[in-house]
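One structure below.
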Amino acid sequence: MNYKIFPVLCALITTLLLPAVSHGRPVVAFGYLGNESGQIDYNYIETVFPASFASSLQSLRDIQVMKPDQVNAALNRYGATLRKNYKTSDLPDLAEKLQSDVFVFGKFFPLEENRIKIVLHLYVRGSRELFTFTDIGRMETQIYRIVDRVSVKIVNFLGEPSRYRAAAIPSGSRIGIVSNLNGAEANRLYMAFMKKDYRVLSIQSADFHSRIDNEIINKFKYIRTENNSYRDIEDFSISPLLTGTWAGKGHGDTLAAVKRIYNVYNRDYEKKVTSSMKRMSLAFNDGIDYLMFIGFSGSRTAAWVRCVDVRGGDFVWMETGVITNDVDPVEGIVNGLVHRMTDEIRNPFESRKSGLGR
Amino acid sequence: MKLIRYISVALVFNGVFVMLSCSSKQPVRVLRQKVAAGSGVAVLVDGPNNIKNVVLSRFMGSNFKVVAFNAADLYAMKDVFDIRDFKKVSHTVAREGDGRSLASMERTFDNVYKLHVYNFEINKAETLREIRRNWNVNYLVLLELKDWEEVSWGRAINLDTFELIWVENYPARYNDDPVTIVDHFIRSMTGR
């Protein structure tokens with residue numbers, strides 16, 4: 001071995017490792033939970049809930065949290081204040097100012113029968129991704145349950161692999177699967193679900209060859225439905241669609257068409273998805289429960305999954321960074337997924353509460 | 001010494017390769033519900049034309065009511081959609097060096113693509129329902145025998161429920177030919 005290159009190698013390795021080491025504990029900043037009821041009696045919830053989520057989260061994971069008052073103080077240094085609402089395009093700059101890895105904010109709506117609907121947004125600075133989920137619970141008797149449930153969802157989303165699941169997907173459910181597997185390989189995927197008593201429908205399985213390959217499946221990685229979504233940040237307003245006296249009619253028509261396409265298929269996309277799910281339910285004689293998207297890596301040893309409840313119209317389950325060492329990676333991945341999708345959602349606070357006699 | 005090291009590395013790589021290729025050629029079979037004898041079946045075959053005739057004759061010989069059906073009757077996704085069209089529009093509206101505006105339009109067209117996939121599957125389900133109703137077909141059977149000397153595969157779908165009821169990957173054995181493979185598939189899906 002040439003020992004002269006040893007110090008160079010050491011320096012290189014140290015440089016490569018530096019970002020991971022210097023990163024330290026992740027910082028999660030909490031904004032307000034905006035009161036959408038119009039009743040000032042509920043204003044206290046705007047800060048009480050985020051502060052409770054922050055404390056719960058800190059008790060579950062080794063993270064650094066910033067509560068709304070601390071976030072506000074940090075923003076004051078830039079001559080800004082914490083707002084109740086943010087446009088998605090505001091988030092990258094905000095998280096940058098706060099130097100937080102994740103910024104959490106949202107809104108709530110009191111519902112009938114003393115229930116509350118909470119919509120929470122989690123913006124991840126590193127990936128510029130925004131995850132939104134909705135939770136409904138009872139106000140008086142179950143406030144701590146709401147806090148626990150929401151905190152667990154935040155922790156799972158921030159975990160490795162990243163996970164979110166609204167409810168168990170029981171065996172016997174009728175599922176349609178869209179994946180980047182074809183032919184005999186797709187049969188291995190179907191077999192793994194069928195062996196666990198899921199009913200696999202003719203979606204994609206009635207095709208000899210699917211058009212969805214390793215690249216196209218990634219379009220389904222981001223998913224938007226009425227109440228829950230996982231997306232990356234985009235802002236069409238930054239696109240310079242220039243016009244002026246120099247522009248002819250053709251140019252104006254093109255711009256108008258582009259704006260129309262954007263409004264229908266991006267701004268109001270969730271409505272289109274809801275309508276598609278209703279039509280899908282009708283087409284399958286109301287016999288489809290879930291539509292699943294599973295993207296496998298080229299080697300098939302890693303995968304992600306997204307799942308939409310077709311009747312409810314909402315996305316209910318996702319996992320990213322699922323890996324396996326199984327000899328048959330497709331079956332190994334599906335077995336892991338099936339185990340977790342049928343599993344009841346555990347409440348890590350439960351043991352602590354029973355210990356406290358709560 | 002070096003040679004031994006190279007050989008051991010090669011053996012490890014070979015082992016991993018063999019493991020992966022073996023998993024794709026291993027037999028797979030699940031039968032949730034038997035394909036009833038004497039029922040109406042539409043059989044789609046991917047393979048040479050002479051093999052297609054073999055398949056249909058073996059199904060007819062097993063007393064199935066075989067309905068004339070062509071895979072082209074179900075339109076294919078690639079016939080009606082080409083993602084490159086979307087890329088072109090994305091680049092039209094994007095300004096030079098402005099990656100973010102390009103990303104924004106690409107997301108819009110990704111959404112169009114996803115809706116297209118939903119519509120494709122909805123239309124296919126409606127077509128399958130029409131086939132069931134108008135031609136009295138109970139099951140759709142797909143058989144791929146293109147590489148029958150290596151691995152053939154099949155699936156059966158119950159058109160009353162749209163449910164996949166049988167899947168099989170069948171690696172060819174020493175004495176197999178297309179006739180024995182199709183006979184095996186028929187036995188396998190009927191549970192005989």
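Chain letters run A, B, ... following the sequence lines, proteins first, then strands; residues in each count from 1. Because the structure is a prediction, the values reported are computed rather than measured.
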Lys87(A) and Asp90(A) ion-paired at < 4.0 Å | no
ring-ring contact (aromatic ring centres under 6.0 Å, His included) between Trp166(B) and Phe185(B), worked out = CA-CA 10 Å; Trp166(B) 168 76; Phe185(B) 277 149; 5.5 Å; yes
Which region of Arg267(A), side chain (C-beta onward) or backbone (N, CA, C, O), has a non-hydrogen atom less than 4.5 Å from a non-hydrogen atom of chain B, or is it both or neither?
-> neither
Could you look at Leu291(A) and say if it's the side chain, the backbone, both or neither that has a heavy atom under 4.5 Å from chain B?
-> side chain
Below 4.5 Å from any heavy atom of chain B, which atoms of Phe193(A) appear? Answer side chain, backbone, both or neither.
-> neither
Dump the intermediate steps for ring-ring contact (aromatic ring centres under 6.0 Å, His included) on Tyr170(B) and His184(B), then the final yes or no.
-> CA-CA 9 Å; Tyr170(B) 179 75; His184(B) 166 83; 4.1 Å; yes
How about Asp314(A) and Thr225(A): does a side-chain donor come under 3.5 Å of a side-chain acceptor?
-> yes
What part of Tyr269(A) gets closer than 4.5 Å to chain B, counting heavy atoms only: side chain, backbone, both or neither?
-> side chain
Considering non-hydrogen atoms only, spot the tightest contact between Lys124(B) and Gln204(A) and give its length.
-> NZ-N, 3.5 Å
Distance in Å, Lys195(A) NZ paired with Ser171(A) OG, rounded so as to fall on 0.5 Å steps = 15.0 Å
When heavy-atom pairs shorter than 4.5 Å are enumerated against chain B, which of Val178(A), Leu282(A), Val200(A), Val264(A) gives the highest number?
-> Val200(A)
So which of Ser202(A), Gly176(A), Gly287(A), Ala186(A) has the largest heavy-atom pair count under 4.5 angstrom toward chain B?
-> Ser202(A)
Structural part of Leu159(B) lying under 4.5 Å from a heavy atom of chain A = neither
Measuring heavy-atom distances to chain B, does Tyr222(A) have an atom under 4.5 Å in its side chain, in its backbone, in both, or in neither?
-> both
Criterion ring-ring contact (aromatic ring centres under 6.0 Å, His included) on Phe315(A) and Tyr230(A), from CA distance to verdict | CA-CA 9 Å; Phe315(A) 125 70; Tyr230(A) 178 54; 7.4 Å; no
Check each atom of Thr161(B) against the heavy atoms of chain A and say whether the ones under 4.5 Å are side chain, backbone, both or neither.
-> both
Examine whether an atom of Arg300(A) lies under 4.5 Å from a heavy atom of chain B, and if so say whether it belongs to the side chain, the backbone or both; otherwise answer neither.
-> neither
Distance-only donor-acceptor check, side chains Asn266(A) and Arg224(A), under 3.5 Å = yes
One option among Ser276(A), Ser205(A), Ser275(A) has the most heavy-atom pairs under 4.5 Å with chain B, and it is Ser205(A)
Count the heavy-atom pairs under 4.5 Å between each of Arg155(B), Glu168(B), Glu144(B), Glu126(B) and chain A, then report the option with the highest count.
-> Arg155(B)
Are a donor atom and an acceptor atom from the side chains of Asn169(B) and Asn187(A) found within less than 3.5 Å of each other?
-> yes
Between Asn158(B), Ile157(B), Leu164(B), Val30(B), which has the largest tally of heavy atom pairs under 4.5 Å with chain A?
-> Leu164(B)
Is the closest basic N to carboxylate O distance between Arg32(B) and Asp197(A) below 4.0 Å?
-> yes
Side chain from CB out, backbone as N, CA, C, O: work out which of these in Leu143(B) comes under 4.5 Å of a heavy atom of chain A, or both, or neither.
-> backbone
So, the part of Leu142(B) with a heavy atom under 4.5 Å from chain A: the answer is both
Under 4.5 Å from any heavy atom of chain B - which part of Glu331(A) = neither
